[in-house]
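The structure under discussion appears below in the form of structure tokens.
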There are 2 protein chains.
Amino acid sequence: MKYSVKEAAEKLGMSQHTVRYYTDQGLVPSLQRDQHNNRQFSQNALDWLTACHYLRQTGMSVKAVKHYVDLCLQGHQTIQERYQLITAQQAIAQQQLITAQKRLAFLNAKEKIYHEEMQGEQNDPMNPNTWQQNDDTKHKC
Amino acid sequence: MKYSVKEAAEKLGMSQHTVRYYTDQGLVPSLQRDQHNNRQFSQNALDWLTACHYLRQTGMSVKAVKHYVDLCLQGHQTIQERYQLITAQQAIAQQQLITAQKRLAFLNAKEKIYHEEMQGEQNDPMNPNTWQQNDDTKHKC
DNA sequence: GATTGCCTTCGAGTCACTCGAATCCATTAT
DNA sequence: ATAATGGATTCGAGTGACTCGAAGGCAATC
């Protein structure tokens with residue numbers, strides 16, 4: 001089964017522009033074209049694109065991802081370097097997971113506070129406590 | 001307790017340049033300066049910076065974050081808009097958590113495969129199977 | 001009194017998109 | 001047959017958010 005740029009973009013949740021950009025940068029070695037020069041993504045091509053997408057998300061530059069792809073194409077002899085690269089990104093991904101959890105926790109907490117502020121109208125704008133303070137705690141975020 | 005740009009940057013895990021950039025854009029309303037015009041972050045200022053950092057991470061532009069900060073400064077009357085904004089970013093943060101998990105799972109799997117490939121040397125480069133294929137599965141990522 | 005280290009502003013550069021224009025091709029509607 | 005529609009292409013300019021580095025100020029230390 002083959003996929004167009006549009007389909008590939010939808011499947012991976014990225015823009016068509018970005019999909020074209022990645023292929024133009026050589027990140028999808030197995031990419032084929034049809035008789036009209038349209039990009040045709042096989043499952044293997046989608047796999048490459050997915051891997052590149054994940055690696056980009058760990059903060060690797062497009063150039064660095066390209067280097068990784070090139071290492072893959074060189075075969076078994078580059079397994080050491082690829083392994084080190086992957087474990088480095090793995091560590092980053094672990095950190096990212098933790099910060100994603102913290103980020104969500106922050107927003108959950110904020111949502112709760114706002115929700116309460118909207119329900120009970122404890123924060124009366126006419127209450128002097130809400131406008132007579134003059135230090136920097138006047139503006140809580 | 002007050003913190004310098006360097007300390008704030010270290011505490012929040014962002015670059016000093018970015019910290020200065022955010023303050024210059026007005027994202028930290030309670031920011032003070034000392035007698036030498038150096039930025040001085042109170043705990044409250046750090047809280048603002050943290051909130052902005054999180055919101056940026058959910059994909060909001062600096063301009064959109066600035067708008068949120070302005071809404072906060074306008075007080076209780078903007079609670080509705082802020083609530084909607086926060087819940088929207090909350091939904092995004094949930095998605096981000098899921099993709100962070102998938103990303104890590106991908107890298108864990110890859111690490112495992114590479115690890116195995118390095119341990120047992122099943123992939124003998126002299127084995128014709130590793131170089132005689134000619135379809136696009138020749139290059140697995 | 002020079003070096004060190006941290007701070008400042010400012011302006012240029014970079015990366016990864018992001019957008020839009022111009023064009024091509026195939027299918028469908030008039 | 002011709003026109004419109006929808007998706008594809010390439011190319012080049014524009015954008016957002018850093019990122020870097022220069023030039024300089026101030027304070028403490030060697």
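Residue numbers start from 1 in every chain, and the chains themselves are labelled A, B, ... in the order their sequence lines are given, proteins ahead of strands. Being a predicted model, the structure only gives us computed values, none of them experimental.
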When rounded to whole Å, the CG to P distance for the pair A:Leu31 and D:dA8 reads 13 Å
Go through the structure and list residues passing side chain to side chain donor-acceptor pair (under 3.5 Å) with A:Glu81, not counting sequence neighbours.
-> A:His67
Distance test, side-chain N/O of A:Arg39 to OP1/OP2 of D:dG7, below 4.0 Å = no
Show me, pair by pair, the donor-acceptor contacts under 3.5 angstrom made by side chains of residues 9-18 of chain A, not counting sequence neighbours?
from, atom 1, to, atom 2, distance (Å)
A:Ser15, OG, A:Thr18, N, 3.0
A:Ser15, OG, A:Thr18, OG1, 2.8

Distance below 4.0 Å between B:Arg20 side-chain N/O and C:dT9 OP1 or OP2 = no
Sugar-phosphate means primed atoms, P, OP1 and OP2; the rest is base. With that split, encode nucleotides 12-24 of chain D 5' to 3' as B, S or - using protein heavy atoms under 4.0 Å.
-> -----SSBBB---
Examine distances only and state if a side-chain atom of B:Gln96 and a backbone atom of B:Gln57 form a donor-acceptor pair shorter than 3.5 Å.
-> yes
Salt bridge (Lys or Arg N to Asp or Glu O under 4.0 Å) pairs touching residues 31-51 of chain A, sequence neighbours excluded, are A:Asp24-A:Arg39
Are B:His36 and C:dT8 close enough that a side-chain N or O sits under 4.0 Å from OP1 or OP2?
-> no
Residues that A:Phe106 engages under ring-ring contact (aromatic ring centres under 6.0 Å, His included), provided they are two or more places apart = B:Tyr54
In sequence, state the C-alpha distance, the side-chain angles, and the governing distance for B:Ile86 and A:Leu107, and then conclude on side chain to side chain contact (heavy atoms under 4.5 Å, CB included).
-> CA-CA 7 Å; B:Ile86 288 296; A:Leu107 287 164; 4.1 Å; yes
Report the residue (A:Gln35 or B:Ser4) whose heavy-atom-nearest nucleotide on DNA chain C is the more 5′ of the two.
-> B:Ser4
Closest of D:dA8, C:dC25, C:dT8 to the B:Asn38 side chain is C:dT8
May I have the distance from B:Asn37 (atom CG) to D:dC26 (atom P), rounded to whole angstrom?
-> 11 Å
In whole Å, what is the span from the NZ atom of A:Lys6 to the P atom of C:dC25?
-> 21 Å
What nucleotide, of D:dG7, C:dA26, C:dC7, holds the atom closest to the side chain of B:Gln16?
-> C:dC7
Could you state the CG-C1' distance from B:Asp34 to D:dA27, rounded to the nearest angstrom?
-> 12 Å
Side chain of B:Arg33 - closest among D:dG7, C:dT8, D:dT9 = C:dT8
Sequence-distant partners of B:Lys66, side chain to side chain donor-acceptor pair (under 3.5 Å), two or more places apart | B:Asp70
